[in-house]
Amino acid sequence: MAKSSSIRRRVGVATGIVALAGLGVAFWGIGHDAAADTPALQAPPVVVTSTAVKRADVPIYLTGVGTVTPNQSVTIKARVDGQLDKVAFTEGQDVSAGQLLAQIDPRTLQAQLAQAQAQQAKDQAQLANANLDLQRYTRLSKEDATTQQTLDTQRALVAQLDAAMKTDAAQVAYAKVQLGFTTITAPISGRTGARLVDQGNIVHATDTTGLVVINQIDPISVVFTLPEAHVPDINQAAAHDRQGLPVTALRRDSDQVLGKGRLVLVNNQIDTASGTVQLKASFPNPEHLLWPGQYVNARLRLGTHAGALTIPAPAVQRGQNGTYVYVIDEHAMARMQPVHVALIQDGVAVVDNGLAAGQRVVVDGQYKLKPGARTVESKPAAAPTARRGGAADLAMSQVAEGAGA
């Protein structure tokens with residue numbers, strides 16, 4: 001009886017062990033199936049802004065700092081001594097060439113002119129009389145009524161008086177010129193500056209200050225410098241443009257265009273101290289946006305990159321191995337693409353190696369990217385337009401989501 005009870009206990013224990021083992025296997029199978037059915041966690045896509053690589057004609061510019069200078073500048077000075085009787089201009093006035101500016105007391109020079117003219121009349125009368133005597137002596141000489149010496153002496157007197165007449169004519173002309181200097185006119189068209197001498201003062205031909213300075217400001221010039229390395233390119237471009245390379249004058253603190261002109265000078269020597277070459281451009285200036293002494297940015301156009309591959313400048317990144325961009329493939333995956341940038345200007349980069357037209361490059365969001373990362377295009381900001389109805393808003397949002405996908 002005791003033996004059979006022991007056997008039953010052993011059978012019960014074995015049965016319990018088998019049941020527990022089966023239960024463990026069942027739980028393992030359930031857990032294994034759940035893990036197999038759960039997908040692996042993936043990193044969310046990176047939101048970026050991309051654009052297509054485009055072909056465009058890109059102008060080639062060189063930019064330097066320049067100074068606006070008058071096209072012509074003249075300091076008006078007195079050329080004779082005398083009292084300044086009249087000032088005929090207003091400070092800051094636009095004057096034309098030949099316009100009266102000032103008048104110096106002419107009376108002294110008028111008297112000198114009259115004296116020279118009187119001497120000329122006296123010598124003219126003497127010459128006329130000497131010519132008549134020469135004619136008489138010539139007739140008498142033919143009749144042997146006078147000596148050859150007398151005839152020769154009369155001829156010498158006529159020649160002497162003729163020379164005196166030429167001297168008198170020169171003196172009269174000189175006196176007229178000196179008298180003309182008492183009337184001061186504008187030699188060029190331009191704008192007057194501050195009056196340097198007031199009416200009533202005595203002025204002298206040796207004065208260094210002058211009466212006023214006239215600056216020609218329409219047209220006007222801009223003198224600027226560029227590094228010497230660009231001289232061959234400038235000369236080559238200038239040889240193909242006989243009208244002068246286009247130059248644009250911009251404000252220093254903004255991109256406002258102040259004037260458009262043409263290059264008129266490439267200086268014949270490079271400044272060895274600064275390693276730059278001086279250039280000069282002429283600008284029409286009817287609105288007087290350019291003013292003498294003003295600092296501007298001068299942008300010289302050398303030519304055009306025809307059909308260049310262009311991308312926005314922010315798309316270009318710089319690393320240890322040079323410049324690169326992130327390219328988005330057809331599966332919205334990002335990859336790093338080395339590129340060679342020919343130039344960057346006005347927010348546009350010209351790429352001459354590494355890209356093809358139509359490829360999409362990342363413009364914003366690169367700092368979150370790694371090669372092989374999934375991307376999604378950022379949604380453009382809604383334009384400030386009149387609000388539509390609820391159904392219209394919903395339809396437009398669905399269209400935008402579909403385009404983003």
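All values derive from a computational prediction rather than experimental measurement.
- No side-chain heavy atom of F224 sits under 4.5 Å from any side-chain heavy atom of T67.
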**Q.** Pair L369-V362, side-chain contact (heavy atoms from CB on, under 4.5 Å): steps then yes or no
**A.** CA-CA 10 Å; L369 285 178; V362 177; 3.8 Å; yes
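- With hydrogens and angles left out, the side-chain atoms of Q135 and N131 include no donor and acceptor closer than 3.5 Å.
- Every residue meeting the salt bridge (Lys or Arg N to Asp or Glu O under 4.0 Å) condition with D253, not counting sequence neighbours, appears here in chain and number order: R251.
- Inter-residue side-chain proximity for V222 and F283 is flagged as met; some heavy-atom pair is nearer than 4.5 Å.
- In this view, D198 and R195 satisfy the salt bridge (Lys or Arg N to Asp or Glu O under 4.0 Å) rule, not counting sequence neighbours.
- Side-chain N or O atoms of S378 include none that pairs as donor or acceptor with a backbone N or O of V47 at under 3.5 Å.
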**Q.** Chi angles and distances behind the side-chain contact (heavy atoms from CB on, under 4.5 Å) call for H288, I217
**A.** CA-CA 7 Å; H288 297 168; I217 58 177; 3.8 Å; yes
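- For R107, the CZ atom is loosely surrounded, since the number of other residues' heavy atoms within 6.0 Å does not exceed 12.
- T167 contributes a side-chain N or O that, together with a main-chain N or O of A163, makes up a donor-acceptor pair within less than 3.5 Å.
- Distance alone, capped at 3.5 Å, is enough to place a donor-acceptor pair between the S189 side chain and the A97 backbone.
- In this structure, D207 and V197 have side chains that are not in contact, with every pair of non-hydrogen atoms separated by 4.5 Å or more.
- More than 12 heavy atoms of other residues, nucleotides or ligands sit less than 6.0 Å from atom CD of E91.
- Listed by chain and residue number, nothing satisfies the ring pair (Phe, Tyr, Trp, His ring centres under 6.0 Å) test with Y137 (two or more places apart in sequence, or in another chain).
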Q) Under the side-chain contact (heavy atoms from CB on, under 4.5 Å) criterion, do K86 and L100 qualify, and how do the steps go? A) CA-CA 10 Å; K86 181 181 180 181; L100 177 66; 4.1 Å; yes
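- Ion pairing of D241 with R301 is absent here, as no side-chain N (NZ or NE/NH1/NH2) approaches a carboxylate O to less than 4.0 Å.
- Checked for salt-bridge contact, K122 and D168 miss the test: no charged N lies under 4.0 Å from a carboxylate O.
- In this structure, Q83 places its CD atom where more than 12 heavy-atom neighbours from other residues, nucleotides or ligands lie under 6.0 Å away.
- Judged by distance alone, the side chain of S73 and the main-chain N or O of N215 form no donor-acceptor pair under 3.5 Å.
- A donor-acceptor pair shorter than 3.5 Å can be found between the side chains of T183 and Q103.
- For the pair M336/Y326, a side-chain contact is recorded, criterion being any heavy-atom separation below 4.5 Å from C-beta on.
- For R252, the CZ atom sits in a packed shell: over 12 heavy atoms of surrounding residues, nucleotides or ligands are nearer than 6.0 Å.
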Q: Step by step, work out the side-chain contact (heavy atoms from CB on, under 4.5 Å) result for I202 and D81.
A: CA-CA 7 Å; I202 302 298; D81 299 345; 5.9 Å; no
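- Side-chain contact check for S221 and T69: no donor-acceptor pair (N or O, by modelled atom type) lies under 3.5 Å.
- At distances below 3.5 Å, not a single donor-acceptor pair connects side-chain atoms of Q199 with backbone N or O atoms of L84.
- T310 contributes a side-chain N or O that, together with a main-chain N or O of K54, makes up a donor-acceptor pair within less than 3.5 Å.
- Put simply, the side chain of R360 gets close to the backbone of S50: a donor and an acceptor are under 3.5 Å apart.
- Under the 3.5 Å distance criterion, the side-chain polar atoms of D57 are matched with a main-chain donor or acceptor of G307.
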